[in-house]
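For reference, the structure is listed below as structure tokens.
Hydrogens, waters and symmetry mates are skipped; everything else that's a heavy atom, side chains included, is used. All residue numbers refer to positions in the sequence shown, counting from 1.
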Amino acid sequence: MTSLSVEMLAADPVEPITSAGHAQLGIAVLAGIAVIVLLITKFKVHAFLALTIGSLALGAFAGAPLDKAITSFTTGLGSTVAGVGVLIALGAILGKLLADSGGADQIVDTILAKAGGRAMPWAMVLIASVIGLPLFFEVGIVLLIPVVLMVAKRGNYSLMRIGIPALAGLSVMHGLIPPHPGPLVAIDAVKANLGVTLALGVLVAIPTVIIAGPLFSKVAARWVDVAPPEKMIPQRATEDLEKRPGFGATVATVLLPVVLMLAKALVDIVVDDPGATVQRVFDVVGSPLIALLAAVLVGMFTLGRAAGFTKDRLSSTVEKSLAPIAGVLMIVGAGGGFKQTLIDVGVGQMILDFSEDWSIPALLLAWLIAVAIRLATGSATVATISAAGLVAPLAADMSTSHTALLVLAIGAGSLFFSHVNDAGFWLVKEYFGLDVGQTVKTWSVMETIISVVALGFVLLLSLVL
């Protein structure tokens, strides 16, 4: 679910798309995805290599010159790593600090004591929803994964029973609720009212996250019964620690980037003047990079020093945190390369061309267009931007409430069935230690449930408003 700019979406495709080329392009997309799935599932090729080969196969099937396909893949890989690579690294450092200092233990022990048994999935979805409000999905993942994995292990819960509610909370915020960037882009494109969209978004999000999170997690846990992957679980702090950080200080450190990014979003809404000093300041301190970097630096004192770490121990903790995420980073980057190849050969434009003659209700049309672009490109942000731009003229004669529902329909469609061309798919797969089939049964199905259920509630609201 990596964020992509409008400029990337608008980039000229490698080959001009004509009506005669649509069939070939559609076959190329299916063939490229099939190559990736077969290499990973049947031939057990590492996902990074499979995505690389699949991207080149896609370009070849689409008739793009090989040098152009290579450029598209490397550009996409580079932009994805540039966008989320540092965030994944900073999140890993913060997670290691949490684990080694005993701060993560403090959070887990407190959560287990306060919300044990059947209440735990509900506690996880609440925590994830709050944390996920201002964050891109990848940032929320790297902040929540240590807690999810340790709660599952210490409390002897099914990983899916705990993980699915957390993922659902993050994903629903990502697609439906401003001030998240996706909904804000759509609000601006169709000239919707922010307050009305937020209010209706919460109405849609609450039942959606309940159904796709705690309720679906019962089914997902039966479908896929896996233990938390040992290599990803932060180890419990050694018993020789004389002390560990307090619960309040630990939670405050973890929430610091959330608060900074939320503050930036609120200032953007309230001030709405890019030249204003206060907005420029918050644009810096509230950027994901600076917010997570600040949390890491603060964590060295509130977590590391609070546990009695020396400077050498702090340096060692940071160094050891980076090795385990190298594979994750390359797979996520290759997923971004595949996505960029799809965009550059003209798949997004092909979908928009097909949609121009569809004669269906505006809310359903918006959802379907977002679904098609999401399936083709893997990016919720690209799907939101494209669909919002296409259906914006339809909003001219709509009421305030229906314009807000149009935004939510677009957001719901942008979440539909995440699969192998979505960086989020690989993040979930690697962090939870799943294979491709298990990831489809859990994460992909959960995303589809969110998309369809949210659309259902949007259509219901359109009948009464």
Close side-chain approach of [X] to [Y], heavy-atom, < 4.5 Å:
X      : Y      : result
Ile331 : His46  : yes
Leu364 : Leu455 : yes
Leu149 : Tyr431 : no
Phe282 : Val271 : no
Trp122 : Ile210 : yes
Ile164 : Leu159 : no
Leu427 : Ile88  : yes
Val45  : Ile40  : no

Query raised in the report: Can Ile211 and Phe216 be said to form a side-chain contact (heavy atoms from CB on, under 4.5 Å), step by step?
Result: CA-CA 6 Å; Ile211 293 169; Phe216 172 64; 5.9 Å; no
Working to the nearest 0.5 angstrom, can you tell me the gap between [X] [atom1] and [Y] [atom2]?
X      : Y      : atom1 : atom2 : result
His174 : Glu447 : NE2   : CD    : 8.0 Å
Leu408 : Thr403 : CG    : OG1   : 11.0 Å
His419 : Leu375 : NE2   : CG    : 5.0 Å
Leu415 : Thr208 : CG    : OG1   : 10.0 Å
Thr52  : Ile70  : OG1   : CD1   : 11.0 Å
Ile369 : Ile410 : CD1   : CD1   : 8.5 Å

Report task. Would you check if there is a donor-acceptor pair between the side chains of Arg161 and Ser217 at a distance under 3.5 Å? Result -> yes
Query raised in the report: Going by atom types alone, do Trp223 and Thr442 pair a side-chain donor with an acceptor below 3.5 Å?
Result: no
**Report entry** Gln340 vs Phe73, side-chain contact (heavy atoms from CB on, under 4.5 Å): CA-CA, chis, key distance, verdict
**Finding:** CA-CA 6 Å; Gln340 188 60 40; Phe73 175 77; over 6 Å; no
When you measure from the side chain of [X] to the backbone N and O of [Y], does any donor-acceptor pair fall under 3.5 Å?
X      : Y      : result
Gln279 : Asp273 : yes
Ser444 : Lys441 : no
Ser451 : Thr448 : no
Ser79  : Gly76  : yes
Asp225 : Ser158 : no

Please report the closest heavy-atom contact between [X] and [Y], naming both atoms and the distance.
X      : Y      : answer
Ala50  : Ile36  : O-CG1, 3.6 Å
Ile373 : Ala383 : CG2-CA, 3.8 Å
Val35  : Ala57  : CG2-CB, 4.2 Å
Val196 : Asn193 : N-OD1, 2.9 Å
Pro214 : Val209 : CD-O, 3.4 Å
Met446 : Ala168 : SD-N, 3.6 Å

Query raised in the report: Taking only residues two or more places apart in sequence or in another chain, which ones pass side-chain contact (heavy atoms from CB on, under 4.5 Å) with Pro207?
Result: Phe457
Query raised in the report: Any chance the rings of Phe416 and Trp367 have centres within less than 6.0 Å?
Result: yes
Query raised in the report: Is Lys68 salt-bridged to Asp344, going by a charged N under 4.0 Å from an acidic O?
Result: no
**Report entry** Short N-O contact, Lys429 and Asp435, less than 4.0 angstrom
**Finding:** no
Query - Step-by-step side-chain contact (heavy atoms from CB on, under 4.5 Å) determination, Met160 to Leu434 - result: CA-CA 11 Å; Met160 292 299 105; Leu434 307 174; 4.2 Å; yes
Report task. Tell me, yes or no, whether the heavy-atom count around Asp67 atom CG, taken from other residues, nucleotides or ligands under 6.0 Å, exceeds 12. Result -> yes
If we check side-chain contact (heavy atoms from CB on, under 4.5 Å) with [X], which of these qualifies: [options]?
X      : options                        : value
Leu200 : Leu198, Val204, Thr197, Leu203 : Leu203
Leu406 : Leu365, Val391, Ile187         : Val391
Phe338 : Leu77, Thr80, Ile33, Asp422    : Ile33

Report task. List the steps, then state whether side-chain contact (heavy atoms from CB on, under 4.5 Å) holds for Val219 with Arg222. Result -> CA-CA 5 Å; Val219 179; Arg222 289 199 296 268; 3.9 Å; yes
